[in-house]
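Worksheet: the structure to be examined is printed underneath.
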Amino acid sequence: MTSTASSTDTRQGPAPHDQRPSWQQRLRRFGYTAGQAGPASDVRERLVPPYTAPSARLWAALGFPRTLGDRLARWSGWGGPLLVTLMAGVMRFWNLGSPKAVIFDETYYAKDAWAIVHRGFELNWDKNANNLILNSGGHVKLPTEAAYVVHPPVGKYVIGLGELLFGFDPFGWRFMTALLGTLSVLMLCRIGRRLFRSTFLGCVAGTLMALDGLHFVMSRTSLLDGVLMFFVLAAFGCLLIDRDRARERLAAALPADADGRVRPDADTAESTRLGWRPWRWAAGLMLGLAIGTKWNGLYILAAFCVMAVLWDAGSRRVAGARHPYATVLRRDTGITFLATVPVATAVYLVSWIGWIRSSDKGDGGYFRDWAATAGKGGDWTFLPDWLRSLWHYEHEVYEFHVGLSSPHTYQSNPWSWIVDARPVSYFYESPSPGTDGCPANAGGKCAREVLAIGTPVLWWVACAALVYVLWRWFFRRDWRAGAIACGVAAGYLPWFLYQERTIFFFYAVVFVPFLCLAVTMLIGAVIGPPGAGDTRRVAGATATGVLVLLIAWNFIYFWPLYTGTSIPIEQWRSRMWLDTWV
């Protein structure tokens, strides 16, 4: 991930303007361009590339007047993403309360969420609590004994908000994950638009994620990983906006020559301060919420901090800095650190406020009284008791996580995730004909399952897309490919350190947005640059259109397995393409 900042526009010693090829021209040989075809007028277009605008021929072909076409183009930056988001939201909220059951790990997080929004810490529920909750409409008495849990509280607060709004039932505890899943599609549309400088490609990225089965199932289940994915994607988006704002500021500071063209200037590039950078602080907030949801957010924090520093170095180099890394160390690293690590740490500590404020007399949160009982004495008594107790709690949780190796039917090795090899069954029933949606003429029992599996065609294409992204990164030094690779690596590679642990495929939802961006980048390359000939563009658009339609068909085909819809057992078997899916 250390080459993320390297891009085709970061040469240290650019040749004279009229001799060197622009970054757009070089990218044209290898795929989609981020801006319009043709040479850049000055360094400003390399620092802040323009967005691709629809051709006037498009509006003419659609029969739209030029003025209407221009208006649609202005609105499309938000209009297109909102339409994609509407589609995603309708699918995710449709029949959200079904199955009316506590499925898979909802047995932990739905109840922990209800407890934490009422008491500030998790409680130890009776083993029959699930049936009592479902049969009583959620009108159950809270337990009194604190429970030992192994995940931080942010995700459970998020789930609990939905329960406070809509009740302690399946719809209530799935509401917020469905909302965040829907909003993540909107964010990805806008992130893709900013990354590729194309509203069309941004909407393609969002559409792909809207049609991914794993993202869809996780958006309809009250597990923590969907919440984590939302905060990680939000942090990436904030850093991307910060990158653009910093480059805009550098571009504005650079002097213009006699012809009005802005040239790289070493003194300006090395002396310009980029301010307090509020979007970087927002990224720190999002990363703190991510870590406060699940600890693997720490790996995301580390990877994104490195990426942000390298982006700064690339920006300074394009602006003309002779020593970009030394300049970043002097000018930017301090604010990068302050806006991320301390902010994330503070957010994480604040997320424990309910546990911290609970009683330390034995009737508060689990281990809340440790410093006053078993933890008395020692060298750290000058610290507040709540902090020492929290540190002890975190140490015990760490020991649990690294030692977790209990076998599970649906556990999988991370090597298998990228090819969709071992999905997780969240719910399964075999209703008889005429019951629970099973057709009366089914001829036998039906299958009703919620299967956490990525849309197979999308994931298998993503394998090829990742190869393309890595090639673009290593051999063409495309910063966009580096950013995508960073997102995938940060969410995926750390799990290879814990292959002996009990881990599951649905953890991969954290890097699903970046897989969709990788496929989108490949689609952009297949379509070709705006300056390509009509034959090339039509052939590319046709090929990618067929691919997206095939992904959509694949999603529709697996729809019953994503939603717990009853289907005849033979139809269920026909969807078990691999033996490892059963």
Side-chain angles (χ1 to χ4, degrees), residues 85-123 130 133-134 137-138 149 151-188 209-210 212 214-235 237 285-294 297 347-348 350-354 426-427 450 452 506-507 509-510 512-513 562-564:
T85 305
L86 177 62
M87 175 193 72
V90 169
M91 292 191 301
R92 279 151 180 75
F93 280 97
W94 175 84
N95 206 16
L96 183 60
S98 177
K100 188 178 179 181
V102 180
I103 65 174
F104 201 63
D105 280 357
E106 286 185 344
T107 189
Y108 304 116
Y109 304 126
K111 291 178 292 191
D112 286 347
W114 186 251
I116 207 169
V117 296
H118 285 88
R119 292 286 303 277
F121 54 90
E122 297 87 349
L123 300 171
N130 290 348
I133 292 167
L134 294 171
V149 297
H151 290 300
V154 168
K156 286 164 278 189
Y157 276 115
V158 170
I159 294 169
L161 178 59
E163 293 173 333
L164 288 176
L165 292 172
F166 298 101
F168 193 23
D169 57 28
F171 181 87
W173 61 63
R174 295 170 192 159
F175 174 82
M176 286 303 297
T177 53
L179 179 61
L180 295 189
T182 302
L183 292 177
S184 68
V185 172
L186 175 61
M187 284 197 301
L188 190 64
M209 193 161 75
D212 176 60
L214 180 61
H215 184 274
F216 179 78
V217 171
M218 295 300 289
S219 298
R220 292 169 55 88
T221 314
S222 63
L223 271 65
L224 301 181
D225 300 84
V227 180
L228 173 63
M229 176 276 303
F230 176 85
F231 290 133
V232 169
L233 183 60
L285 172 63
M286 294 298 110
L287 290 167
L289 293 172
I291 299 168
T293 300
K294 292 190 77 171
V347 170
Y348 182 82
V350 169
S351 73
W352 284 89
I353 193 66
Y426 286 174
F427 172 84
V450 175
F506 64 81
Y507 297 170
V509 73
V510 174
V512 163
Y562 299 143
T563 58

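Counting heavy atoms from C-beta on, the side chains of W173 and V102 come closer than 4.5 Å. Counting heavy atoms from C-beta on, the side chains of K111 and N130 come closer than 4.5 Å. Using a 4.5 Å cut-off on side-chain heavy atoms (C-beta onward), T563 and N95 make no contact. Side chains of T221 and Y426 form a contact here, defined as non-hydrogen atoms less than 4.5 Å apart. Put simply, the side chain of I159 reaches to within 4.5 Å of the side chain of L224, judged on heavy atoms. You'll find the side chain of F231 reaches within 4.5 Å of the side chain of V154, heavy atoms only. Y157 places none of its side-chain heavy atoms less than 4.5 Å from the side chain of S351. By the 4.5 Å heavy-atom criterion applied to side chains, Y562 and R220 are not counted as neighbours.
Closest approach of I291 to P152, counting heavy atoms only: O-CG, 3.5 Å. Taking each heavy atom of P99 and P170 in turn, the nearest pair found is O-CB, 4.2 Å. Of all non-hydrogen atoms in S219 and G181, the two that sit nearest each other are OG-CA, 3.4 Å. In terms of heavy atoms, A113 sits closest to G160 at CB-N, 3.5 Å. Residues Y109 and S222 come closest through the heavy atom pair CB-O, 3.5 Å. The minimum heavy-atom distance between S184 and M229, with the atom names listed, is OG-CE, 3.7 Å.
The side chain to side chain donor-acceptor pair (under 3.5 Å) check on S98 picks up R448, with sequence neighbours excluded. F216 is linked by a ring pair (Phe, Tyr, Trp, His ring centres under 6.0 Å) to F555, W559, counting only residues two or more places apart in sequence or in another chain.
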Between F93 and T182, does the side chain to side chain contact (heavy atoms under 4.5 Å, CB included) criterion hold? Intermediate values first, please. CA-CA 9 Å; F93 280 97; T182 302; 3.8 Å; yes
Verify side chain to side chain contact (heavy atoms under 4.5 Å, CB included) between H118 and L164, making sure each step is shown before the conclusion. CA-CA 9 Å; H118 285 88; L164 288 176; 3.8 Å; yes
Run the side chain to side chain contact (heavy atoms under 4.5 Å, CB included) check on H215 and V185 step by step: do they pass? CA-CA 10 Å; H215 184 274; V185 172; 4.1 Å; yes
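Here the CH2 atom belonging to W352 is positioned 12.0 Å from the CZ atom belonging to F121, to the nearest 0.5 angstrom. The CG atom of L179 sits 5.0 Å away from atom CE of M176, with the distance rounded to the nearest 0.5 Å. The structure places OG1 of T293 at 9.5 Å from CG of D225, a figure rounded to the nearest 0.5 Å. Between the CG atom of D169 and the CD1 atom of I133 there is a distance of 10.5 Å, given to the nearest 0.5 Å. For the atom pair CG (L223) and CG (L228), the distance works out to 11.5 Å, reported to the nearest 0.5 Å. Note that the CZ atom of F427 and the CD1 atom of I103 stand 7.5 Å from one another [nearest 0.5 Å].
Side chain of E122 to main chain of D112: no donor-acceptor pair is present (N/O by atom type, distance under 3.5 Å, no hydrogens or angles). Remark: the backbone N or O of H151 is paired with a side-chain donor or acceptor of K156 at under 3.5 angstrom.
The salt bridge (Lys or Arg N to Asp or Glu O under 4.0 Å) pairs that include a residue from residues 85-96 number zero, where partners must be two or more places apart or lie in different chains.
The number of heavy atoms from other shown groups lying within 6.0 Å of OH (Y108) does not exceed 12.
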